**Q** 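To start, I am sharing the structure in question, which I have written as structure tokens.
Side chains included, hydrogens not; waters and symmetry mates left out as well; all remaining heavy atoms used. If you're wondering where the values come from, they're calculated on a predicted model, not measured in any experiment.
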Amino acid sequence: MGKKTKIGFAAAAVGAAAWAGSKALANPQQRPVKEVLNYERPIVLAHRGGAKLAPENTLAAFNRSAELGVHGFEIDIRMTNDEEILVFHDEFIDRTTDGAGRVADMSLDQLKAFDLGYHFIDLDGQHSYRGKNEKVVLLRELIEKFPQMYINIDIKDDPETYEGSLVPSKLWRLIDSLGIQDRVAVTSFYDEQIDRFNLYAQNRVAIGAGENEVRKAYTSYNSQFGHLYQPRADVFQIPVKSSVFRLDSPRFISFLGNLNIPVHYWIIDEPEAMSALIGAGAKGIITDRPDLAVAVISEMEEE
């Protein structure tokens with residue numbers, strides 16, 4: 001046996017021993033199931049209220065989706081310059097309103113002057129909500145208007161900004177004051193914002209996985225050391241693909257499911273894709289077409 005071969009066998013033996021040792025010592029901890037995530041059937045979350053059926057993040061969209069029978073809303077929040085928590089996605093208002101400027105530079109009263117239905121084009125190609133008095137919505141307003149809904153809250157403000165530094169604590173105080181710890185989940189692309197929020201919430205509210213947490217979970221799943229993964233999130237809301245990596249395999253969904261972590265996929269608007277994901281084990285569909293998603297899940301249940 002040559003020297004290189006001996007070294008290769010030795011390295012393999014060391015690797016196997018390390019794996020066996022870690023397997024013996026590992027004690028993977030399942031996440032305690034949060035009440036808001038304790039459901040049997042797959043759920044539909046209307047993305048920004050159902051952004052292809054009505055102007056995103058407006059009462060028109062939320063009302064329509066509620067009438068369709070969705071289980072909840074997937075929304076985004078930003079803070080105004082008078083420290084109000086607004087249901088809004090973009091940093092600037094230009095794309096969705098007849099105004100221009102940065103959300104964080106305006107007061108709530110200033111923002112309420114703009115038409116949130118101005119640029120919306122419906123499925124028939126019409127500006128059907130222009131001039132219909134669709135205004136920005138406060139998070140408190142949304143929560144109080146739909147007491148039966150699961151609301152998934154995505155913090156958009158960058159943690160390095162002034163507004164981003166404030167929003168985790170202000171969001172916790174709002175949730176706590178309204179007593180809705182069991183009705184909401186809080187997430188962000190910024191893992192730091194999730195961590196900051198949880199410093200206040202102390203695991204009393206379901207939290208989602210930021211980009212780093214998703215990367216860590218997927219890397220663990222793809223390695224021989226998946227048994228060492230200790231999740232720091234209660235729910236994963238992810239696309240079906242990130243860069244060149246597929247995140248929608250039944251095995252990856254099962255890997256997370258064994259840790260009591262449901263997986264929701266966004267933004268899924270095609271019925272065939274919805275059916276395939278639910279068949280693979282997905283527990284939620286985040287969609288701009290809640291009308292189609294509700295119908296798909298109903299049909300699958302009947303079958």
Side-chain angles (χ1 to χ4, degrees), residues 33-77 87 89 120 122-123 137 139 142-154 180 182-188 205-209 214 233-241 247-248 250 252-254 256-257 260-303:
V33 179
K34 296 291 196 297
E35 184 60 31
V36 71
L37 301 171
N38 189 17
Y39 48 82
E40 295 297 325
R41 57 180 293 198
I43 63 172
V44 175
L45 298 179
H47 180 246
R48 305 182 197 170
K52 287 188 177 176
L53 302 183
E56 66 183 61
N57 292 325
T58 63
L59 287 180
F62 296 123
N63 281 324
R64 183 162 184 183
S65 288
E67 290 167 3
L68 288 168
V70 301
H71 306 87
F73 307 131
E74 194 279 339
I75 64 162
D76 312 284
I77 60 168
V87 180
H89 178 271
F120 175 76
D122 65 23
L123 296 174
V137 179
L139 178 59
L142 181 68
I143 290 167
E144 291 179 339
K145 184 170 177 59
F146 298 97
Q148 78 282 16
M149 288 293 177
Y150 163 14
I151 300 180
N152 192 88
I153 303 167
D154 190 337
I180 56 165
D182 292 335
R183 277 188 48 211
V184 299
V186 173
T187 191
S188 178
V205 173
I207 55 173
V214 173
D234 301 297
V235 60
F236 272 47
Q237 281 135 357
I238 52 179
V240 297
K241 187 177 181 182
L247 302 178
D248 59 347
F252 183 52
I253 295 171
S254 177
L256 293 171
N260 286 340
I261 301 171
V263 185
H264 303 162
Y265 286 93
W266 53 263
I267 303 165
I268 313 301
D269 292 338
E270 298 299 326
E272 296 80 6
M274 296 173 187
S275 298
L277 287 167
I278 292 166
K283 295 298 184 182
I285 299 295
I286 300 171
T287 180
D288 287 331
R289 290 296 307 270
D291 53 333
L292 300 179
V294 168
V296 165
I297 288 179
S298 295
E299 288 170 13
M300 292 184 77
E301 287 180 342
E302 288 172 6
E303 292 173 2

**Q** Determine whether Val184 and Val36 satisfy the following criterion, side chain to side chain contact (heavy atoms under 4.5 Å, CB included), listing intermediate values before the conclusion.
**A** CA-CA 7 Å; Val184 299; Val36 71; over 6 Å; no
**Q** CD1 of Ile285 to CE of Met274: how many Å apart, nearest 0.5 Å?
**A** 6.5 Å
**Q** Working to the nearest 0.5 angstrom, can you tell me the gap between Lys52 NZ and Ile267 CD1?
**A** 8.5 Å
**Q** Indicate yes or no for a side-chain donor-acceptor contact from Arg64 to the backbone of Gly50 under 3.5 Å, with no hydrogens or angles considered.
**A** no
**Q** How close do Phe146 and Leu59 get, heavy atom to heavy atom, and via which atoms?
**A** CE1-CD2, 4.5 Å
**Q** So, are Arg48 and Asp76 salt-bridged, with charged N and O less than 4.0 Å apart?
**A** yes
**Q** Between Tyr150 and Leu45, is there a donor-acceptor pair closer than 3.5 Å when you use the side chain of the first and the backbone of the second?
**A** no
**Q** What is the minimum heavy-atom distance between Ala51 and Phe120, and which atoms define it?
**A** O-CE1, 3.4 Å
**Q** Quick one, Val87 with Phe62, criterion side chain to side chain contact (heavy atoms under 4.5 Å, CB included). Give me CA distance, side-chain angles, the key distance, then yes/no.
**A** CA-CA 11 Å; Val87 180; Phe62 296 123; 4.0 Å; yes
**Q** Assess, by modelled atom type and distance only, whether the side chains of Asp269 and Thr287 contain a donor and an acceptor separated by less than 3.5 Å.
**A** yes
**Q** Which atoms form the tightest heavy-atom contact between Thr58 and Pro55, and what is the distance?
**A** OG1-O, 2.6 Å
**Q** For the residue pair Pro42 and Ile297, what are the closest heavy atoms and their distance?
**A** O-CD1, 3.7 Å
**Q** Provide the closest heavy-atom pair for Gln237 versus Thr187 in the form atom of the first, atom of the second, distance.
**A** OE1-CG2, 3.7 Å
**Q** Could you tell me whether the side chain of Arg183 and the main chain of Met149 form a donor-acceptor pair under 3.5 Å?
**A** yes
**Q** Side chains of Ile238 and Phe252: does their closest heavy-atom pair fall under 4.5 Å?
**A** yes
**Q** Using a cut-off of 6.0 Å, state whether more than 12 heavy atoms not belonging to Lys34 lie near its atom NZ.
**A** yes
**Q** What's the spacing between Leu37 CG and Asp234 CG if we round to 0.5 Å?
**A** 6.5 Å
**Q** Let me see the working for Val296 and Val44 under side chain to side chain contact (heavy atoms under 4.5 Å, CB included), right down to the final yes or no.
**A** CA-CA 10 Å; Val296 165; Val44 175; over 6 Å; no
**Q** Kindly compute the distance separating CG (Leu123) from CG (Asp291), expressed to the nearest 0.5 Å.
**A** 7.5 Å
**Q** Donor-acceptor pair, distance only, cut-off 3.5 Å: does the side chain of His47 make one with the backbone of Glu74?
**A** no
**Q** Using a 6.0 Å cut-off, check whether atom CD of Glu270 has over 12 heavy atoms from anything other than its own residue.
**A** no
**Q** Between CD1 of Ile253 and CD1 of Ile278, what distance do you get to the nearest 0.5 Å?
**A** 10.5 Å
**Q** Given the rule in the side chain to side chain contact (heavy atoms under 4.5 Å, CB included) test, do Lys283 and Val235 qualify, once you have shown the distances and angles that lead to the verdict?
**A** CA-CA 10 Å; Lys283 295 298 184 182; Val235 60; over 6 Å; no
**Q** Does any part of the side chain of Tyr265, heavy atoms only, come nearer than 4.5 Å to the side chain of Ile286, both counted from C-beta?
**A** no
**Q** Quick check for you: to the nearest 0.5 Å, what is the distance between Leu142 atom CG and Asn57 atom CG?
**A** 8.5 Å
**Q** What is the minimum heavy-atom distance between Ser65 and Ala46, and which atoms define it?
**A** OG-CB, 3.4 Å
